[in-house]
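Ligands are counted one by one from 1 in listed order, and the atoms in each one are counted from 1 as well.
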Amino acid sequence: MSSLLFQGGTIVAGDRTTKDDILLRDGAIEEIDRFVEEYDAVDDISGKWVFPGLADCHVHFREPGFPEKETMKSGALAARAGGVTLCCDMPNTDPPTVTTEAFADKVRRAQSVTDGALRFFFGVREAAHLEELAHLLADDTKEGRHLRAHLCGVKIYLDHSTGNQRVDPALLDAVFAFCAAHELTLVAHCEDPEINAQSALQNTRMNIAAHSLIRPSYSEMSAIKTVLALAKTHGTHLHIAHLSTEGGVGLIRAAKAEGIAVTCEVATHHLFLSTDDYERLGALIKVNPPIRSPKHRTALWQGIKDGVIDCIVTDHAPHTLAEKNVAEPLQAPGGIPGVETMLPLLLSVAAGKWPHPAEPHVSCPPFTYEDIVRLCVVNPNRIFHLGVSEIEEDKAVDLVIVDPAKQWTIRGAELRTQCGWTPYEGWMVQGKVERVIRRKEDVGRRTKD
Ligand code: DOR
Ligand code: ZN
């Protein structure tokens, strides 16, 4: 097999950045060194930075059900263009991924996707779904093992969101016990249904900003308290999805200090947008949990800095512009696309440039290139057993070659996502993905058995 040397680049790892060359042979990294002596071909990447392919552990690729919003193919293509080469897809498709049959259908569809790897969450709303999952886990045939290699965890919604997948509250104990027994990571969308219902009744405003009041910050906190108590009782590995509030960061900080097995993620839109953006962007930034005021955003960046937040995700949730532009904005579906824009936004902050065009006064939060690898590769891999890694010898790793100095403007029309728009339209960012070299994939959920 011939070998290819990537020469002159800088390799970014979770804890260090080094100037080293990378020798690839047969889709795997044979050698990392400053003076590789033997190679068949050379590719000069002087001045460029090399990241491992990012793993986004929260996307909605809409297949099956809504191909006009996204498909696995269009989603993976968009992800790849943004340096993301593994995506974990959520179960609120049509049909929802709550049966073995629906799960197997997704795995089958994923087989023809070549731009990135896909893993799937199994959704649970009622007892029958847990039985389906038990069936999948017990299937010891080759097919059963193949399906399980694509399973990244279980997802529950504490309140309804797009797709109406709210879990039966009477089932919560059973779900936590089940996931603990099977060593599955349980991801929870944390909003309190009673608080949300009450706030909706009390709301008198008709403008889109009311969405952040209808699903208030204390709703997230209340739901987080509920699931933390369950995780503590059952010893479940709980992962809080798209954490959006200052209070939520505090609760998870305290739970971690107490030794509860909890991890959490934050979505890019909660890190870069705030309620100040409603006036400009309206229903485009309607999302559940909602965009919050700037003080929450600051607390999320602080949570990243002090290690409370484990992962950054896109929560890529595309809807068509027609759906977003309905006459009554509060009726528009919640969800924001972002799988292609996460890395450029994060690279900008790592370069010390806050990219929000209407916020020249906001100073850049402390954040490094190594943080990107820690939060978007190392930690998602640890939490969801994805079989990806940093750039290391003897590993097959997707390589993302980035020009860290390149400034460019985000344009929705140029993005690959099927939905064709972005809330970051016109934002000037620094750092561009130039090329992605895909590894030979070895799908496998790394478990103890
Ligand atoms: O705003 C949201 N959109 N929140 C969710 O939980 C689901 C997502 C979607 O699928 O559109
Ligand atoms: Zn989501």
F367 and W354 aromatic centres sub-6.0 Å:
no
Give a yes or no on whether a salt bridge exists between E101 and K106, defined as a side-chain N under 4.0 angstrom from a carboxylate O.
no
Does the pair K69/E323 count as a salt bridge with the N-to-O cut at 4.0 Å?
yes
Could you list the atoms of ligand 1 found under 4.0 angstrom from a heavy atom of [X]?
X	answer
H189	6 (O)
Y157	6 (O)
R62	9 (C), 10 (O), 11 (O)
H319	11 (O)

Any N/O/S atom, backbone or side chain, of H58 lying under 2.8 Å from the Zn ion (ligand 2)?
yes
Using a distance threshold of 2.8 Å, state whether an N, O or S atom of H242 lies below it from the Zn ion (ligand 2).
no
For T93 and H60, what are the C-alpha separation, side-chain angles and deciding distance, and is it a side chain to side chain contact (heavy atoms under 4.5 Å, CB included)?
CA-CA 8 Å; T93 39; H60 301 261; over 6 Å; no
With only distance considered, is [X] within less than 3.5 Å of ligand 1 through an N or O on each side?
X	result
G334	yes
G335	yes
S161	yes
N92	yes

Is it the case that over 12 heavy atoms from other parts of the model lie below 6.0 angstrom from the CD atom of E126?
yes
Quick one: look at K286 and ligand 1, take heavy-atom pairs under 4.0 Å, and tell me if it's side chain, backbone, both or neither.
neither
Can you check salt bridge (charged side-chain N to carboxylate O under 4.0 Å, His left out) on D139 and R145, steps first, answer last?
CA-CA 7 Å; D139 181 353; R145 286 194 296 274; over 6 Å; no
Any idea which protein heavy atom is nearest atom 1 (O) of ligand 1, and the distance to it?
N288 N, 2.7 Å
For D315, what is the atom name of its N, O or S atom nearest to the Zn ion (ligand 2)?
OD1
Could you walk me through whether R382 and D310 pass salt bridge (charged side-chain N to carboxylate O under 4.0 Å, His left out), step by step?
CA-CA 10 Å; R382 175 173 54 84; D310 300 277; 3.6 Å; yes
Sub-4.5 Å side-chain heavy-atom contact between I240 and L238:
yes
Give the C-alpha distance, both sets of side-chain angles, the deciding distance and a yes or no for side chain to side chain contact (heavy atoms under 4.5 Å, CB included) between L118 and V113.
CA-CA 8 Å; L118 292 169; V113 176; 4.2 Å; yes
